[in-house]
Amino acid sequence: MKIGIEGQRLYRRKKHGMDMVALELIKNLQKIDTHNEYVIFVRPDEDNTCIPKAANFKVVELESWGGYAGWEQFALPKAAYKEGCDVLHCTSNTGPIFSKVPLITTLHDIIYLESISLLKKEGTWYQKLGNMYRRYCVPSVVRKSKKVITVSEYEKERINKHFGFGDQRLTAIYNGVGEHFFKITNAEQLEKVKEQYNLPERFFFFLGNTDPKKNTRGVLKAFAQFNQNSPGAFKLVMLDYDEHELQKLLAEIGASDLRNSIHLTGYVPNTDLPALISQCTVFLYPSLRESFGIPILEGMACGVPVITSNTSSMPEVAGENTALLVDPYDVNAIFEALNTLVEDEALASLLAENGIERAKKFSWETMANNVLELYEDVHQKLEKSEA
């Protein structure tokens with residue numbers, strides 16, 4: 001079987017969520033499958049060595065006009081057909097509407113199908129236009145896909161409710177957590193990362209961005225409340241957040257003076273994250289909505305107490321007695337959770353220990369095995385239908 005995998009953004013230097021899932025899938029398929037052939041379709045960019053070489057894996061770089069949509073709708077299906085792929089796995093919520101190669105699609109979430117408006121204040125124009133594009137093409141892609149993969153039972157239920165196509169074509173396959181995520185205790189490694197990113201002595205870590213679902217506004221309000229009670233005791237470390245956007249948001253919530261208590265690191269490669277996370281007092285991830293929430297597991301694996309939300313998939317991923325679950329819409333609840341973990345060292349330690357064990361239940365190799373079984377199932381059914 002020849003399997004095509006869409007990885008349009010894998011060569012970009014700043015990889016995020018769905019990019020990392022696709023990359024981990026490819027790396028772990030290389031470990032477990034030397035029989036089938038794979039063709040990975042990417043867009044040329046600077047990080048062109050991120051996909052390891054393997055005898056049965058071929059990488060095809062595709063140029064295209066028309067940006068993301070042009071690449072996906074025209075260059076990708078044409079190249080997959082030319083390469084003779086038996087199936088094409090589109091990994092990032094969308095896919096080509098017209099493809100001669102049978103599709104398998106990963107829908108990480110369908111937030112963009114549930115609520116979207118170009119007039120909303122939250123989110124960038126790039127995010128809004130991207131959501132409008134997905135809203136247009138995803139229903140057609142889903143109807144034509146032989147299988148649809150999602151990442152949690154919560155999201156599976158949401159997708160089923162929206163499309164109403166039953167369980168036969170829809171499968172939930174959990175994401176994993178990278179093997180390099182563990183509690184870093186090497187003093188030299190910790191000090192190197194601390195100096196490189198100028199980390200403060202005591203800090204909370206928040207992995208947020210400009211996407212409204214990440215709840216940056218709520219976290220900043222809660223931290224402002226904490227800072228009023230304990231001035232200067234902790235700083236808030238945020239990754240790769242735009243200075244202008246931060247200043248604007250702080251002004252909107254009436255907390256411009258909080259800027260001195262927030263440390264922006266800039267972009268941090270995934271390989272440096274464990275040493276950074278291992279030095280924080282609390283890992284904050286109270287999103288409004290997640291289809292999975294890989295950072296929850298990354299924080300747990302690094303042995304720090306995690307605050308996350310009691311909504312959507314997050315309780316499913318976090319498990320029981322491994323994190324503090326809060327109502328993400330309740331700023332005071334986030335503040336109280338921070339306060340509790342700072343004051344109750346025994347509870348913080350217990351959650352950290354339980355979290356390490358919880359994270360061990362999720363692996364990328366298990367995910368890759370499940371996806372490979374799905375590839376083989378689709379291929380067998382296609383062969384039977386053609387016989």
Return yes when atom [atom1] of [X] has more than 12 non-hydrogen atoms of other residues, nucleotides or ligands closer than 6.0 Å, and no otherwise.
| X | atom1 | answer |
| --- | --- | --- |
| Y136 | OH | no |
| K2 | NZ | yes |
| K146 | NZ | no |
| E157 | CD | no |
| E179 | CD | no |
| E243 | CD | yes |
| K183 | NZ | yes |

Short question: side chain of [X], backbone of [Y] - any donor-acceptor pair under 3.5 Å?
| X | Y | answer |
| --- | --- | --- |
| S309 | T311 | no |
| Q30 | P52 | yes |
| N93 | H108 | yes |
| N186 | Q189 | yes |

Note to self: Using 0.5 Å steps for rounding, measure from the CG atom of N332 to the NZ atom of K221.
What the structure shows: 12.5 Å
Notebook entry, point to check: Which value, rounded to the nearest 0.5 Å, describes the distance between I253 atom CD1 and L220 atom CG?
Noted result: 5.0 Å
Taking all heavy atoms of [X] and all of [Y], pick out the closest pair and write down the distance.
| X | Y | answer |
| --- | --- | --- |
| S145 | V148 | CB-CG2, 4.0 Å |
| F234 | F223 | O-CZ, 3.4 Å |
| L76 | P96 | CD2-CD, 4.2 Å |
| S152 | E155 | OG-N, 3.1 Å |
| V306 | G299 | CG2-C, 4.0 Å |
| L246 | Y241 | N-CE2, 3.6 Å |

When you compare the side chains of [X] and [Y], does any donor N or O come within less than 3.5 Å of an acceptor on the partner?
| X | Y | answer |
| --- | --- | --- |
| S92 | Q8 | no |
| H180 | N270 | yes |
| T91 | E6 | yes |

Ion pair check, [X] and [Y], cut-off under 4.0 Å:
| X | Y | answer |
| --- | --- | --- |
| R217 | E252 | yes |
| R12 | D45 | no |
| K360 | E357 | yes |
| K381 | E376 | no |

Margin query: Test ring-ring contact (aromatic ring centres under 6.0 Å, His included) on F41 and W71; report intermediate values, then the result.
Written below: CA-CA 10 Å; F41 299 100; W71 189 95; 7.6 Å; no
Quick one: does [X]'s side chain get under 4.5 Å of [Y]'s, heavy atoms only?
| X | Y | result |
| --- | --- | --- |
| N215 | I334 | yes |
| E37 | K58 | no |
| L103 | C90 | yes |
| C137 | Q73 | yes |
| N354 | R358 | no |
| C50 | L23 | yes |
| Q279 | L190 | yes |
| V87 | L382 | yes |

Show me, pair by pair, the donor-acceptor contacts under 3.5 angstrom made by side chains of residues 315-323, not counting sequence neighbours?
residue : atom : partner : partner atom : Å
E316    : OE1  : Y154    : N            : 3.1
E316    : OE2  : E153    : N            : 2.8
E316    : OE2  : Y174    : OH           : 2.6
T322    : OG1  : A318    : O            : 2.3

Next item on the list: Given side chain to side chain contact (heavy atoms under 4.5 Å, CB included), test S349 with E353 step by step and report yes or no.
Entry: CA-CA 6 Å; S349 179; E353 291 173 11; 3.5 Å; yes
Next item on the list: State which residue, out of Y197, Y285, F283, fulfils the ring-ring contact (aromatic ring centres under 6.0 Å, His included) condition with F205.
Entry: F283
Checklist line | Connected via hydrophobic side-chain network under 4.5 Å: I173 and Y375 | finding: yes
Checklist line | Cation-pi, Y81 ring and K100 (6.0 angstrom, 45 degrees) | finding: yes
